[in-house]
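The structure appears right after this line, and notes come after that.
Computed from heavy atoms alone, side chains included, the values below leave out hydrogens, waters and symmetry copies. Numbers restart at 1 for each chain; the letters A, B, ... are given by sequence-line order, proteins then strands.
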2 protein chains.
Amino acid sequence: MNRNPVAASLSQRAYNDIRYRILSGQLPLGTSISRRTLAADLGMSVVPVSDALQRLSTEGLVESWPRVGTRVRIPTSQDVRGHYVVREALESQSARLFSQKSTPEERKEILELAETLDQLYRNGNADDESKEALFALHQLHQQFHMRIAECGGHPALCQAIENNHVLTFNWLYDTAARRTKLPERHHGRLAESLCQDDPEKADLAMREHVIYGRDDLLRTLSVLFR
Amino acid sequence: MNRNPVAASLSQRAYNDIRYRILSGQLPLGTSISRRTLAADLGMSVVPVSDALQRLSTEGLVESWPRVGTRVRIPTSQDVRGHYVVREALESQSARLFSQKSTPEERKEILELAETLDQLYRNGNADDESKEALFALHQLHQQFHMRIAECGGHPALCQAIENNHVLTFNWLYDTAARRTKLPERHHGRLAESLCQDDPEKADLAMREHVIYGRDDLLRTLSVLFR
DNA sequence: TGTTGTAAACTGGCATATCAGATTCAGATG
DNA sequence: CATCTGAATCTGATATGCCAGTTTACAACA
């Protein structure tokens, strides 16, 4: 059998496109999605669109009821709590592996990424509040965590973290609330903890980082939907 | 919109059926799957079968290449390692939450389940080596871990654990190798550790349990595919 | 004005047909 | 016997059309 990487199928393109539309705010939370309209818009039939929506549904970005409709899911605070429990588990494991397996070059890369992140979080609000800038910041934050996971050497863990859409929710609410406040050198200190050859310490530092993000997001939620 | 539970669709039935056929050995590892043949066999068209196979593909039980074919995936030892890294993360988190949130009744239930499991693992091989008996044992083991997760109070974590198919792989190789050896009171001692109101201890005990299972499975693998 | 009934419009689920690429195997060629 | 060849036969991907529920808009009526 041919194990070459599959060419980008229409289903895949639909998935990427719809996902981007949701994350970028083109499809705000709660928006109804019509398979037929969307298919016409994307220049394809409804089948690949349905495939994509099914994937997004299992991932929790979208919800669908038979013969009723599909819409962009509005995560509840209970959803957020649940997702963060999973994320705490996965990211702390990722931190353990990073502290055990990362090379000096990789550690340097992570430390630099952390510095960049902290700078952007410090200046971002003042300089540029556009959606594009916030989206870029969101992506960089995601990259920071994904690079840490990649350095752990287990693709399965990377995939599990990527499938956990807390950062996605984070971005959605960031967009709504324009919330980008963080303590000084927040990521910098985390990165330093990860580089100290102490898996338990790395685990704990990442747990604190994740829980800080969770509480921050829950505060935002309570303001948005009070 | 109507939020009632959806009726069992053909896609869902196809998913359950195919999954059961794989786990029960009706579709052995590596078997090619024809959408058309399977659809005729299940009395439906290829569309719901394709939906089901897509889900099973993202879950890793099945692999598919465009215009080539679909077959039951043979997990590699690298797959197994990766899955166990994720499982270690999720189950240790589950153990933490259990030690913090479980009620006395729930703890009693888990302790009893552990005793039953230990008995079956001790006697199972001697009494009954049928596939059905091994499958039942596998399901009970899975139930043990799922109940622990449920008592933690976070459905999202339960779902994440359920989506992690290490226990499934475990069953597949158990079937192939008839391996059911475990140390005396293996699950009993784990359950006792979970009930001591010490999240860190529970975390560690579960990590050891998971890693024991991983190494055991890797040994089996090295024998099977040496 | 407010309520109700009903039909049109819309939804996701599914069946069927077609397409292009991959595989396979009989038969020709050396 | 080994090797090449090409057509028949597979594969998954996709398009299209239909179906049976759900929602909605609007007219008829109180």
**Fill in**
The nucleotide from D/dT22, D/dT11, C/dG12 with an atom nearest the side chain of A/Arg35 is C/dG12
**Request:** Could you tell me how the ring of A/His187 sits relative to the ring of A/Tyr121: parallel (under 30°), tilted (30 to 60°) or perpendicular (over 60°)?
**Result:** parallel
**Fill in**
Separation of C/dA20 atom C1' from B/Trp65 atom CH2, nearest Å, is 20 Å
**Message:** Counting only side-chain nitrogens and oxygens, does B/Ser11 get under 4.0 Å of the OP1 or OP2 atom of C/dC14?
**Reply:** yes
**Prompt:** Taking atom C1' of C/dC14 as reference, at what distance in whole Å does atom CG of B/Leu42 sit?
**Reply:** 14 Å
**Asked** Base, sugar-phosphate alone, or nothing: which one does B/Ser50 contact when heavy atoms must sit under 4.0 Å apart?
**Response** nothing
**Request:** Please evaluate the base of D/dG12 for a donor-acceptor partner in the side chain of B/Arg36 within a cut-off of under 3.5 Å?
**Result:** yes
**Item:** Nearest-neighbour nucleotide for the B/Ser64 side chain, D/dT14, C/dA15, D/dG12 considered
**Value:** D/dG12
**Message:** If you take the centroid of each ring, where Trp contributes its six-membered ring, are B/His145 and B/His209 closer together than 6.0 Å?
**Reply:** yes
**Prompt:** Taking the six-membered ring of B/Tyr15 as reference, does the NZ or CZ atom of B/Arg55 fall below 6.0 Å from its centre and within a 45° cone about the axis?
**Reply:** yes
**Request:** Report yes if the side chains of B/Asp203 and B/Gln93 come closer than 4.5 Å at any heavy-atom pair, otherwise no.
**Result:** no
**Asked** OP1 or OP2 of D/dT11 sitting under 4.0 Å from any side-chain N/O of B/Ser34?
**Response** yes
**Complete:** Looking only at D/dT14, C/dG13, D/dA13, the nucleotide nearest the B/Pro66 side chain is D/dA13
**Fill in**
Winner on side-chain proximity to B/Arg67, out of C/dG12, C/dG21, D/dT16, is C/dG21
